[in-house]
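To start, the structure under review is shown below, and the notes come after it.
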Amino acid sequence: MASNITFHDGTVSSEERFNSIQQKGATIWLTGLSASGKSTIACALEQHLLHLHKFTYRLDGDNIRFGLNKDLGFDEKSRNENIRRIGEVSRLFADACCLTITAFISPYRVDREFARQIHEKSGLPFVEVFVDAPLSVVEQRDPKGLYKKARAGEIKDFTGISAPYEVPEKPEIHLKTAETDVAESVRIITQYLVSHGYIPETTQ
């Protein structure tokens, strides 16, 4: 950690920001195996919230690796750092009263718990969404051909094949995407946001 630094609090309070924007911030953290449906649901949810005139933004696992995290690999240490950075970035977005949607495999519980804790420490909601699809289903989908390459040994440290995925123990939302389509998944998440006061009931 850098030395000789001091945290500089701004003059805009959370209450003032909320009163100006008229929206509470929260992070909606989608986790699950590759091809479970995270990115598809995240895109649809972002579009839906935008149509409801909500300040929202999506952070996608692959997209982030083109910029912010392009220096990271896929070994365990790099995965840890990948999620640590996203946890911090999503917290900043949520603090800005943004409904922040993240779509990352985020395979390790300890990393997801870190993201949760830094949100809670800042008084910000963290909604873990387990996008659950069996390995047999995601291998059948395999839109990028990654599982096939992993089975052939062409990709090392691939989650679900040669690297672990630790299932969330108590997610706020559990979506079984082998049974639930995208529209229904978006409805379930939106209803959760409404029931917890993150968006008004009249905007569903």
Side-chain angles (χ1 to χ4, degrees), residues 23-66 83 86 90 93-94 98-109 111-112 115-116 119 125-151 155 158-161 163-204:
Q23 178 180 308
K24 294 180 180 178
T27 290
I28 304 147
W29 189 282
L30 277 63
T31 175
L33 294 173
S34 178
S36 60
K38 298 182 302 302
S39 293
T40 303
I41 293 170
C43 286
L45 179 61
E46 182 184 35
Q47 189 74 65
H48 181 61
L49 293 175
L50 188 64
H51 285 167
L52 298 178
H53 305 290
K54 297 295 134 188
F55 173 34
T56 184
Y57 195 79
R58 174 181 56 90
L59 299 170
D60 184 83
D62 278 1
N63 294 355
I64 291 295
R65 284 181 176 272
F66 278 98
I83 298 307
I86 297 309
S90 62
F93 273 66
C98 180
L99 290 171
T100 311
I101 306 161
T102 75
F104 292 80
I105 294 173
S106 46
Y108 302 114
R109 291 192 192 103
D111 296 331
R112 299 193 300 265
R116 179 186 294 278
H119 279 73
F126 182 87
V127 182
E128 185 177 44
V129 181
F130 178 25
V131 184
D132 182 9
L135 183 60
S136 59
V137 171
V138 296
E139 284 202 75
Q140 185 176 13
R141 292 174 180 170
D142 202 12
K144 304 174 187 176
L146 299 179
Y147 285 99
K148 184 178 180 180
K149 290 181 179 179
R151 289 291 189 189
I155 301 177
F158 190 80
T159 303
I161 304 298
Y165 177 79
E166 297 174 356
V167 173
E169 295 177 330
K170 293 182 180 179
E172 279 72 18
I173 301 172
H174 186 171
L175 300 175
K176 297 184 178 181
T177 56
E179 307 166 9
T180 306
D181 65 15
V182 174
E184 179 64 7
S185 296
V186 168
R187 188 198 68 77
I188 291 169
I189 297 172
T190 303
Q191 180 55 45
Y192 181 93
L193 298 176
V194 168
S195 66
H196 286 74
Y198 303 142
I199 59 177
E201 187 169 2
T202 55
T203 62
Q204 290 187 78

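Quick note: numbers below take in every heavy atom, side chains included, and nothing from hydrogens, waters or symmetry partners.
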task = Measure the CZ-OH distance between Phe158 and Tyr147 for me, rounded to the nearest 0.5 Å.
result = 5.0 Å
request  = Specify the closest pair of heavy atoms between Thr100 and Ala94, including all atoms of both residues, with the distance to one decimal.
outcome  = OG1-N, 3.6 Å
message = Rounded at 0.5 Å granularity, tell me how far OG1 in Thr180 sits from CD1 in Ile41.
response = 8.5 Å
message = Less than 4.5 Å apart, side chain to side chain, heavy atoms only: is that true for Ser106 and Ile83?
response = yes
key: Pairs involving residues 130-142, ordered by first then second residue, that meet salt bridge (charged side-chain N to carboxylate O under 4.0 Å, His left out) (sequence neighbours left out)   = Glu139-Arg151
inquiry  = Looking at Glu184, I want to see if its CD is surrounded by more than 12 non-hydrogen atoms of other residues, nucleotides or ligands under 6.0 Å.
reply    = yes
inquiry  = Nearest 0.5 angstrom please: Asp62 CG to Ser34 OG, how far?
reply    = 7.5 Å
inquiry  = Any heavy-atom pair between the side chains of Pro134 and Gln140 that's under 4.5 Å?
reply    = no
request  = Only pairs at least two apart or in different chains count here, so list each side-chain hydrogen bond (donor to acceptor under 3.5 Å, both in side chains) that has a residue in residues 37-47.
outcome  = Ser39-Asp60, Glu46-Arg58, Gln47-His51
query = Checking Thr177 side chain against Val131 main chain: does a donor-acceptor pair fall under 3.5 Å?
reply = no
ask   = How many angstroms lie between atom NZ of Lys144 and atom CG of Leu146, to the nearest 0.5 angstrom?
value = 6.0 Å
key: Exercise: identify the closest heavy-atom pair between Val138 and Ala133   = CG1-CB, 3.7 Å
task = Answer yes or no: are there more than 12 heavy-atom neighbours, outside Tyr57 itself, under 6.0 Å from its atom OH?
result = no
key: From Asn63 atom CG to Phe104 atom CZ, the distance as rounded to the nearest 0.5 Å   = 8.5 Å
ask   = For the residue pair Val194 and Pro200, what are the closest heavy atoms and their distance?
value = CG2-O, 3.9 Å
Could you pull out all donor-acceptor pairs under 3.5 Å where a side-chain atom in residues 165-173 meets a protein atom, sequence neighbours excluded?
from   : atom 1 : to     : atom 2 : distance (Å)
Tyr165 : OH     : Thr31  : OG1    : 2.8
Tyr165 : OH     : Gly32  : N      : 3.4
Glu166 : OE1    : Arg109 : N      : 2.9
Glu172 : OE1    : Arg116 : NH2    : 3.0
Glu172 : OE1    : Glu128 : N      : 2.8
Glu172 : OE2    : Arg116 : NH1    : 2.9
Glu172 : OE2    : Arg116 : NH2    : 3.4

request  = Determine, stepwise, if the pair Leu49 / Ile199 fulfils side-chain contact (heavy atoms from CB on, under 4.5 Å).
outcome  = CA-CA 9 Å; Leu49 293 175; Ile199 59 177; 4.2 Å; yes
ask   = Taking all non-hydrogen atoms of both residues, which atom of Ala44 and which atom of Val186 are closest, and how far apart?
value = CB-CG2, 3.7 Å
key: Atom pair CD1 (Ile28) and OG1 (Thr102), whose distance is rounded to the nearest 0.5 Å   = 9.0 Å
query = Looking at Ala42 and Ala103, what are the two nearest heavy atoms and their distance?
reply = CB-CB, 4.0 Å
ask   = Can you find a pair of side-chain heavy atoms, one from Ile189 and one from Leu175, that are under 4.5 Å apart?
value = yes
remark   = Correct closest heavy-atom pair for Ala35 and Pro143 would be CB-CD, 3.7 Å
